[in-house]
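Since we're looking at a predicted model, the values are computed, not measured. Numbers restart at 1 for each chain; the letters A, B, ... are given by sequence-line order, proteins then strands.
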Amino acid sequence: MKASKGTLYNHLKIEKKWQKEWDAAKTYQTEKGTKKKKMYVLDMFPYPSGAGLHVGHPRGYIGSDVYARMKRMEGFNVLHPMGFDSFGLPAEQYAIQTKKHPGPFTDKLVAQYKKQLEIIGFSYDWDREVSTHRPEYYKWTQWIFLKLYDAWYDSKKNKARTIAELISIFEKSGNKSVAAVTDANTPLFSAKEWQAFSAMEQQELLMRYRLAYEGFAEVNWCEELGTVLANDEIVDSPTGPVSERGGFPVIKKAMRQWFMRITAYADRLAADLEPLDWPSNIKEIQKNWIGKSEGSEIPFDIQAESDDKESIASVSVFTTRADTLFGVTYMVIAPEHALVQEWQNAISNWKEVSAYIQKVAQKDDTERMSTDKEKTGVQLKGLVAINPANGEAVPVWIADYVLASYGTGAVMAVPAHDERDYAFARKYGLPIREVVEPLFKKTGDKDGVKESLPFKKRHAAVAVIKHWKDDTYLCLKWKKTDWRGFVIGGIETGESAADAAAREIVEETGYTSAEMVKEVSGTVHAQFYHAVKEENRWAHFHPVVFQLKNGDQVETAESEKEIHDIVWVSKNEMETYLSWVGDMQLIWKRAFDEGASSQEGILVHSGDFDGLDSAAARAAVTKLVGGKAVTKYKMRDAIFARQRYWGEPIPLQHAANGLIVAMKEKQLPLVLPKVASYAPSGNGESPLAGVKSWVKEGYETNTMPGWAGSSWYFLRYMDPTNSKAFASEKAVDYWRDVDMYVGGAEHATGHLLYSRFWHKFLYDMGFVPTKEPFKALRNQGMIGGADGRKMSKRWGNIVNPDEVVKLYGADSLRLFEMFLGPFDSHLPWSTEGIIGSRRFIERVWRLAQKLDEKASDKSVQKSIHKTIKKVTEDIAQFAFNTSVSALMICLNEMEKGKVSTKDFALFLQLLAPFAPHIADELWNASGQKGSIHRSSWPKHNPKLLIEDEVTIGVQVNGKVRAEITVAADATKESLEAAALALPRIQEFLSGLTVRKIIVVPGRVINIVAA
RNA sequence: GCCCGAGUGGUGGAAUGGUAGACACGGAGGACUUAAAAUUCUCUGCCCUCACCGGCGUGUGGGUUCGAGUCCCACCUCGGGCACCA
């Protein structure tokens, strides 16, 4: 320990020294041609923003760096790279403002950003750095695009295949037998017809199959800004939607766009989430985003209401609730639905209808989709739809609450069991018909108890009775079982629910002034064990609401009084009071707010299906009416174009004859041309449209969106300089996939989904060996300002890491960011808090100068080995805060006793991932050779962890009353005896009888006494 | 509205169903110092108490259990996602 003896800890000197040393020795260089096992630890690469870093940014990088460093010491060949997602808006804005090319500016930002990262002491292999804006990189982004353009999705083989294969199928047998993911309404053709099509016609048909395809999309167009806006760049105003910047009007406009057919992969994207080691909320978000829903398509005949009942079309509806088909009281079609136009002649109120269609068309998406907007619609008079289940003719409406883009663009309306249909039906006076009774199956059903009458025959009225004066309601509480609920009585033949309830009120409670307020529509179906009558019962409950006029009461039969008490419960307390009586609770709810009940249950009023449960009914009903089971997804195809300059050019050429020519691999990269102006062209096209030479060649003027370059960058790190492929086969075979991916949760539905999509495509085409790109994922939480607000210029609460490093050192910063709290929690920065980390580091430094050359105390040894175990386990689980805490505890212990140089070195190794500079300094000062970061990670000695004595708590009736220190291997009997012998325990037990003693070895003894 | 997740001291947080509050910040008091900083020692959930003893305590109300921050039910608050997806 000679070198640092007596010297003060100077973080500036030490950190600089070691960063230089590591750089020179290539300490963190990924090994090539090694037999070691691979470990790919990846950070989401940043956009090199000009604003620079604040202390929140490096948090994720520090976490992954700690992890990577431990893995490296554990003997893995670690790939831990960093790069830059360098196409993007800020550089584009800069170019527009300064009229300078964004390239050099971006290079400068990259350099700046890199410098800021370097002083924190990450173990990146900078030889593998990539930037998405460099032509050597985006050549391969373009190459992947071309592969996607040259592919279609075979839904039978469930994988992507090349367009050449598709063409050969078309030539042989047309498209009738091709099961593919394609545009809606793709026409069918035979082989002969295919061969007769013109090149242009063939191109258009193929476009319907390609995974990268051209189509039209409605976009938010802002004339004044001359640009397309994203949904979140638009705000509502009294005059309609306007741009957030400037407040200029925004309209919907159909524009030519490139798309990615990500929907082809919807099912696999959802299914393959399951085995991934990802945070469950991210999986959940992706699952919801994909929005898989299984249901049925059911054909409805549309008839003109004229004398001959002429059938004019068949319209399929998509529903997840085929079990409610008998409850259909009308049908709704999206206003944009093409068929509506075709029916013009059959619709008697066409004027009204077409006016409505126009009105809806003018609304933009944000308005149409806005939350509590009232639904509107118009009936298509002169038409009816025939319910295939019962042949009933129901009215047909168009309404803006039905989306043309989902399902079939038409729905069967079941107001009794769908909230939206309910609201609409109420507004327009359409009938509501209940066909499913919510079912409650209560726990406590007993096997072997005789069943009562079949469910159809048992009907019971339930009376919800309001007090004559107070705002309370009558409940009965059964004395024998504590069951609670309302007054219930069987309905006799020929009796109405109201009559039965009224009769029962007098019988059970004696109150004579009950007056019916309303009969609640919709019955509740319960299957329960009747604890009083001791049998399993099924019942239809018919809720009826009553009001007592006064407190007049007649004497009830003794038998009734014995069974239950009357309890008055207020409205507020009712839900709690009934918390475990599910059916009564539902009756209570329905008594006050009527509405649609979307719960599943048992079918009623459904012909032969009565008595079936929803799940069984769905299959049976679908089958009966000739419908088919189908799966739909919420996710839409992704737009793959931006009308901007600063992005990857799309490598396609439009020939003069309108045909699209894909560029050849050897022509790539297609490099961005020089332009006179970076500003938007003003007609919705990118600045590239203003470049004569570019347009003359017929190049695409759209550029790729931001997510193109980031969807595959992790593959490039495997072999970053390869000019013949995005990465060599050998490299891809070795590195395969990312073992640990660290980044923000905000990318859940963007980058993380798009990357998976591209990766699966590359897998289908045989370019990568794994189905998924990221085996494990961890999200870092954000660090907010000390004031609890988001760190931003606006609040003046930004803390700059450069300054923190200068003041306290990179090691202190790293340690503190890991110690602050759980890795994935959002936490406020604390200027005082970092002092604790700095103190810890200084104490380590001081301890290094007081080491004993001989042996450590036994307690110190034990403590170190305990820490080895804890830190190793915790880093593996990204529990960095508790690892740091364990290191602190260990230091506290070491300071209390003698520590040998050898044992201290173990501690330094544990510290190394968190505080790499000081660890290497002290490691080398103690005479060790080479960098600590290339040493092998210590293993704990289990023998040292065995305790011979333990202190455990002694409880009396669950409360700790004393402590007792005993031999670790003490028998149960001796523990019991020792515990009972304690004077304190004796005190608590006086006057009580010991009933039971529970002994949890090494933990606690609980004496149960009464 | 629907779907997730979280609520623990003054603060950040810790705790395989088994002694709640580890570790750290902050605070109070003492030592060292002419003094301050640094360092170091003691105390620090709340209530009662000089102190001991004791009581209370993990958002609220119930439940399961010998024992619940942890499991179950309902509610409240906050954060995130979706937003007429039939």
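With both pairing distances under 3.5 Å, B:rA22 is matched to nothing as a Watson-Crick or G-U wobble pair. If you check B:rU65 for Watson-Crick or wobble pairing at under 3.5 angstrom, you find it has no partner at all. For B:rA35, there is no paired nucleotide, since no Watson-Crick or G-U wobble pair has both relevant distances below 3.5 Å. Nucleotide B:rU77 has B:rA6 as its partner under the Watson-Crick or G-U criteria, with both atom distances under 3.5 Å. In this structure, B:rG1 forms a base pair with B:rC82, meeting either the Watson-Crick or the G-U wobble geometry with both donor-acceptor distances under 3.5 Å.
At the heavy-atom level, A:Ile952 lies under 4.0 Å from base atoms of the strands shown. At the heavy-atom level, A:Ile998 lies under 4.0 Å from base atoms of the strands shown.
For A:Asn881, a side-chain nitrogen or oxygen approaches OP1 or OP2 of B:rA14 to under 4.0 Å. For A:Ser825, no side-chain nitrogen or oxygen approaches OP1 or OP2 of B:rG12 to under 4.0 Å. At the phosphate of B:rU40, neither OP1 nor OP2 sits under 4.0 Å from any side-chain N or O atom of A:Arg839. A:Arg1003 has no side-chain polar atom (N or O) that falls below the 4.0 Å cut-off from OP1 or OP2 of B:rA15.
Side chain to side chain, A:Thr376 and A:Tyr401 fail the donor-acceptor criterion of an N or O pair below 3.5 Å.
Taking syn as a glycosidic angle within 90° of 0, B:rG81 does not qualify and is anti.
B:rG67 and B:rU16 have their C1' atoms separated by 16 Å, given to the nearest Å. For the C1' atoms, the distance from B:rC84 to B:rC78 is 27 Å, rounded to whole Å.
The aromatic rings of A:Phe816 and A:Trp829 stand perpendicular to each other, their planes meeting at an angle above 60°, with 30° marking the opposite boundary.
Mapping A:Asn281 and A:Glu419 onto RNA chain B by nearest heavy atom places A:Glu419 closer to the 5' end of the strand. Position along RNA chain B of the nearest nucleotide to A:Val1008 versus A:Ile835 favours A:Ile835 as the more 5'-ward residue.
Comparing B:rU40, B:rC4, B:rA24 by their nearest atom to the side chain of A:Asn892 picks out B:rA24.
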